[in-house]
Amino acid sequence: MASSLSQTVFFSILLLLSLHQASAKKTHLHFYFHEILSGPNATVMTVVNPSNNTNSFTFGAIAVIDDLLLEGQDDNSTLIGRAQGLVGAVGRDGSLESMLNFVFTEGKYNGSTLAIYGRVVQGVTIERPVIGGTGMFRMATGYSVAKPVDISATKLVYEFDVYVWHKKMNN
């Protein structure tokens with residue numbers, strides 16, 4: 001009896017998962033994330049710095065960001081949105097934790113957002129989950145892969161590929 005109930009529950013879950021997958025739309029996004037580290041147009045600001053050292057972002061520090069999402073790697077490329085959120089220095093090894101919203105302001109996805117959360121190690125390829133979205137990306141799940149393409153004392157540029165499964169919208 002218990003085995004029969006377990007099988008029924010298992011197959012019901014499989015059915016629900018397959019129905020969700022069948023009703024989901026897959027979207028691949030490709031863009032460049034530009035973070036300006038200093039100067040009058042800086043897109044990142046440290047708001048908590050426990051070490052009182054203004055020149056470093058060390059364990060316990062927290063920053064807010066309002067970075068650029070551009071179509072290309074070049075600084076003059078077309079702006080398609082912003083990456084807004086929090087970054088915290090959570091590891092004594094220098095690792096970070098990021099909570100970001102990709103806010104699309106141009107094109108097909110104008111007004112839509114994607115929520116990205118996860119661990120960051122600077123200078124290497126970063127994979128993080130997509131944990132939600134709004135607008136065209138309602139009910140989003142998926143993942144992002146960010147590859148460093150330009151890291152200097154004044155800016156960070158990452159190439160992003162985001163793979164999203166989301167509710168099909170009639171818009």
Side-chain angles (χ1 to χ4, degrees), residues 16-48 57 61-91 95-151 154-171:
L16 288 173
L17 288 174
S18 65
L19 288 173
H20 172 72
Q21 191 71 357
S23 67
K25 179 179 179 180
K26 181 182 177 186
T27 299
H28 171 232
L29 302 169
H30 181 261
F31 52 83
Y32 291 81
F33 171 103
H34 290 245
E35 185 167 283
I36 304 166
L37 301 172
S38 60
N41 296 318
T43 61
V44 60
M45 177 178 286
T46 301
V47 293
V48 174
F57 193 75
I62 298 172
V64 293
I65 67 165
D66 186 16
D67 294 336
L68 309 170
L69 300 179
L70 303 179
E71 282 185 350
Q73 183 177 345
D74 183 79
D75 293 342
N76 296 317
S77 185
T78 302
L79 179 71
I80 61 166
R82 309 293 292 211
Q84 299 173 329
L86 297 170
V87 177
V90 298
S95 61
L96 308 173
E97 195 78 13
S98 67
M99 296 155 274
L100 304 177
N101 278 302
F102 291 159
V103 180
F104 297 96
T105 57
E106 297 295 328
K108 181 178 181 180
Y109 304 113
N110 183 19
S112 299
T113 67
L114 284 173
I116 310 290
Y117 177 83
R119 186 170 190 261
V120 175
V121 177
Q122 294 288 357
V124 300
T125 299
I126 304 162
E127 185 173 329
R128 288 174 282 191
V130 173
I131 60 172
T134 65
M136 296 290 288
F137 298 120
R138 195 171 295 147
M139 304 291 290
T141 61
Y143 66 98
S144 68
V145 177
K147 297 176 189 163
V149 294
D150 187 1
I151 296 179
T154 59
K155 71 177 178 177
L156 303 173
V157 179
Y158 280 86
E159 178 181 19
F160 263 83
D161 282 292
V162 183
Y163 301 89
V164 184
W165 288 263
H166 54 95
K167 185 175 180 173
K168 292 178 184 173
M169 300 301 292
N170 294 329
N171 311 18

Between atom [atom1] of [X] and atom [atom2] of [Y], what is the distance when rounded to the nearest 0.5 Å?
X: Phe160; Y: Leu70; atom1: CZ; atom2: CG; value: 12.5 Å
X: Ser95; Y: Gln122; atom1: OG; atom2: CD; value: 10.5 Å
X: Asn101; Y: Gln84; atom1: CG; atom2: CD; value: 7.5 Å

Check: Which atoms form the tightest heavy-atom contact between Gly72 and His34, and what is the distance?
Finding: O-NE2, 3.2 Å
Next item on the list: Quick one: closest heavy-atom pair of Thr125 and Lys147, and the distance?
Entry: OG1-CG, 3.7 Å
Note to self: Please determine whether side-chain contact (heavy atoms from CB on, under 4.5 Å) holds for the pair Thr27 and Tyr109, giving the CA-CA distance in whole Å, both sets of side-chain angles, and the decisive distance to 0.1 Å.
What the structure shows: CA-CA 11 Å; Thr27 299; Tyr109 304 113; 3.3 Å; yes
Check: Who are the side chain to side chain contact (heavy atoms under 4.5 Å, CB included) partners of Glu159, not counting sequence neighbours?
Finding: His30, Tyr32, Val149
Item checked: Working for side-chain contact (heavy atoms from CB on, under 4.5 Å), residues Lys25 and Lys167 -> CA-CA 6 Å; Lys25 179 179 179 180; Lys167 185 175 180 173; over 6 Å; no
Report yes or no: does [X] contribute a side-chain atom to a donor-acceptor pair with the main-chain N or O of [Y] at less than 3.5 Å?
X: Tyr158; Y: Gly123; value: yes
X: His166; Y: Met136; value: yes
X: Arg82; Y: Asp66; value: yes

Item checked: Residue that, paired with Phe104, satisfies side-chain contact (heavy atoms from CB on, under 4.5 Å) out of Leu29, Asn110, Thr113 -> Leu29
Margin query: Counting C-beta onward and ignoring hydrogens, is there a side-chain heavy-atom pair between Arg119 and Val90 closer than 4.5 Å?
Written below: no
Margin query: Determine whether Ile116 and Val130 satisfy the following criterion, side-chain contact (heavy atoms from CB on, under 4.5 Å), listing intermediate values before the conclusion.
Written below: CA-CA 5 Å; Ile116 310 290; Val130 173; 3.5 Å; yes
